[in-house]
Amino acid sequence: MVDLRFVRENIERVKEAVKNKNENVDIDRLLSLDSKHRNLQKELDSLRHIRNKVSKEISLSKRNGENEPEKIEKMRKVSQDIKKLEREERKINGAIDELLIWIPNIPHSSVPIGKDSSSNTIVRETPEEKLSFIALSHWQLTETNKLLDYGRGAKVSGANFPCYTGIGARLERALINFMLDTHVSRGYKEVFTPFLVNRNAMFATGQLPKLEDDMYLVEKDDMFLNPTAEVPITNLHRDEIIKEEDLPLKYVGYTACFRREAGSYGRETKGLQRVHQFNKVELVKIVDPSTSYEELETLTKDAEIILSLLELPYRVTLLSTGDLSFASAKTYDLEVWAPGSEKFFEVSSASNFEDFQARRANIKMRKAGKLVYAHTLNASGIATPRTFIAIIENYQQEDGTIRIPSALIPYMGGLEKIEVNA
RNA sequence: GGAGAGAUGGCUGAGCGGGUGAAGGCACGCGACUCGAAAUCGCGCAUCCCGAGAAAUCGGGAUCGGGGGUUCGAAUCCCCCUCUCUCCGCCA
């Protein structure tokens, strides 16, 4: 959530941000409601001042054994007026909030302005490794090596709910453990959070209200299936004041992630590219505001480590305003190269939300005696399905077998190569 | 699912219609004592909004889990919701 005062004082900047992020919010209406509210507040404050003063007088008189029926009568009227204005205030406040929650975070000045991903810039990249033979796609490789069972997954749940089988399941589990261990060894605290999250949590990190239709909702309990561990992990500290010396907080957590992906059927859904349930290891940082952009750089590197250790070709891109998520001020994407699919897959977004989530989540820190909102960041570290794709496509051999990246061999019980997994 | 208890400042905890923005304690800050420290003593110490001011600060308002209500006046009474704890039931 952006600060209403910030909107008031930076009207053009906010309007521009809304436009550059391809959002649509009536800022002028918000401003007129805001000024209406401020006038109302003044009126209310002076009425309440009278009420407080006279009530005190009544109280003093009572103590002296006197009665002041005419004052009470007068205050009855004042009190009614206050109630009327309070009702009005509530209405206006509601309308203000309704607009305010739809204003996206303001992009950082270093973010390129652009309509969509075509304006993203490449920050750095590893050399692409060429295979000396014609690469097979992951959906072919998983088939021949029996790593996934799409049909049976669909039988149990539906389309795009693949079931990992045999060595495939083992590889998935190896990836998760490898990632967790790597991040923990580099200073992140491991958490294992609930997978069902409530509305407040989803609002706090900015998934709601905008993305409600993309989330699975358990209606009976009004709970959402976790769409990303960003939600439960960041919300661990909702409504808290964190001690300055405890920052930065660095968390790593594994969760299954659930997304309806409404409207994306038939588009890039082949194989593991886009599925309804997937596994992800997430990095979350809660930091001192003055350090958040340095923390974004190290966070991005912390996510990249996984790709380096797996020896996969990848690139880092800086998202333009049009491609930036609702809550983010600046985001780097990590994209891994998959030679069989012949494209880059996004496996991580490293974002600085500045105080956008902290304001919604009410996460503060005390700095030089003052309370200020902390800054929150997160990065996938990293999502498994596309990493799984990249591994098998990059490590495939001409004979159709698949080597195991050396970093994963210990996690595979010493297995070095997948040869038809029965 | 049933019954009960509770939610108060950074923490702990009193208050249960007016004197309470909230006792006491802890923590924290400043000062005294000390060569220094501990202990002790004194003082200070919630947040947000509006207005005035260059600023220190001053004036007003709001806030005792959240939301409504009763009352001249609500932390305190009533209603709804959320969460926590205890007991019973069910259950991996």
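A, B, ... follow the sequence lines: proteins, then strands. Residue 1 opens every chain. If you're wondering where the values come from, they're calculated on a predicted model, not measured in any experiment.
At the phosphate of B/rG61, OP1 or OP2 sits under 4.0 Å from a side-chain N or O atom of A/Asn52. Taking side-chain N and O atoms only, A/Arg199 has no distance below 4.0 Å to OP1 or OP2 of B/rU82. At B/rG73, one or more side-chain N or O atoms of A/Ser79 fall inside 4.0 Å of OP1 or OP2 (strictly under the cut-off). The phosphate of B/rC72 has OP1 or OP2 within less than 4.0 Å of a side-chain N or O from A/Arg76. Between B/rG69 and A/Arg87, a contact under 4.0 Å exists linking OP1 or OP2 to a side-chain N or O. Between A/Arg90 and the phosphate of B/rG68, there is a side-chain N or O to OP1/OP2 separation shorter than 4.0 Å. Proximity of A/His49 to the phosphate of B/rG60: no side-chain N or O atom is located under 4.0 Å from OP1 or OP2. Note on A/Lys83: a side-chain N or O is less than 4.0 Å away from OP1 or OP2 of B/rU70. Within the 4.0 Å cut-off from OP1 or OP2 of B/rC83, not a single side-chain nitrogen or oxygen of A/Asn198 is found. In this model, the phosphate group of B/rC50 is approached by a side-chain N or O of A/Arg38 to a distance below 4.0 Å at OP1 or OP2.
The pairing partner recorded for B/rU76 is none, the criterion being a Watson-Crick or G-U wobble arrangement whose two distances lie under 3.5 angstrom. As the counterpart of B/rC83, B/rG6 is assigned, both hydrogen-bonding distances of the Watson-Crick or G-U wobble pattern falling under 3.5 Å. Nucleotide B/rA27 is matched to nothing when pairs are restricted to Watson-Crick or G-U wobble geometry with both distances under 3.5 angstrom. Remark: B/rA46 base-pairs with B/rU63. Criterion, Watson-Crick or G-U wobble with two distances under 3.5 Å. Under the Watson-Crick or G-U wobble criterion, with both distances below 3.5 Å, B/rU40 is paired with B/rA32. Under the Watson-Crick and G-U wobble criteria, each requiring two contacts below 3.5 Å, nucleotide B/rG19 is left unpaired. Checking B/rG53 for Watson-Crick or G-U wobble geometry (two distances, each under 3.5 Å) identifies no partner in any strand.
With a 6.0 Å radius and a threshold of 12 heavy atoms from other residues, nucleotides or ligands, A/Arg29 has its CZ atom at or below the threshold. Remark: A/Lys15 NZ is packed, more than 12 non-hydrogen atoms of other residues, nucleotides or ligands lying under 6.0 Å away.
A/Asn105 places no side-chain N or O within donor-acceptor distance of the main-chain N or O of A/Phe356, the cut-off being under 3.5 Å.
A/Tyr254 and A/Phe192 have tilted rings, their planes meeting at an angle from 30° to 60° on a 0 to 90° scale.
Between the side chain of A/Arg63 and the base of B/rG19, at least one donor-acceptor pair of N or O atoms lies under 3.5 Å.
Across all strands shown, A/Arg8 has heavy atoms under 4.0 Å from sugar-phosphate atoms exclusively, and none from any base. A/Lys62 comes within 4.0 angstrom of a nucleotide base, judged by non-hydrogen atoms across all strands. Backbone-only engagement by A/Ile241 is indicated by non-hydrogen atom pairs under 4.0 Å involving sugar-phosphate atoms exclusively.
Annotation: the span from A/Asp355 atom CG to A/Lys364 atom NZ amounts to 11.0 Å, rounded to 0.5 Å. A distance of 5.5 Å separates CD1 in A/Ile404 from CG in A/Leu171, rounded to the nearest 0.5 Å.
Nearest to the side chain of A/Arg366, among B/rA62, B/rU47, B/rG51, sits B/rU47.
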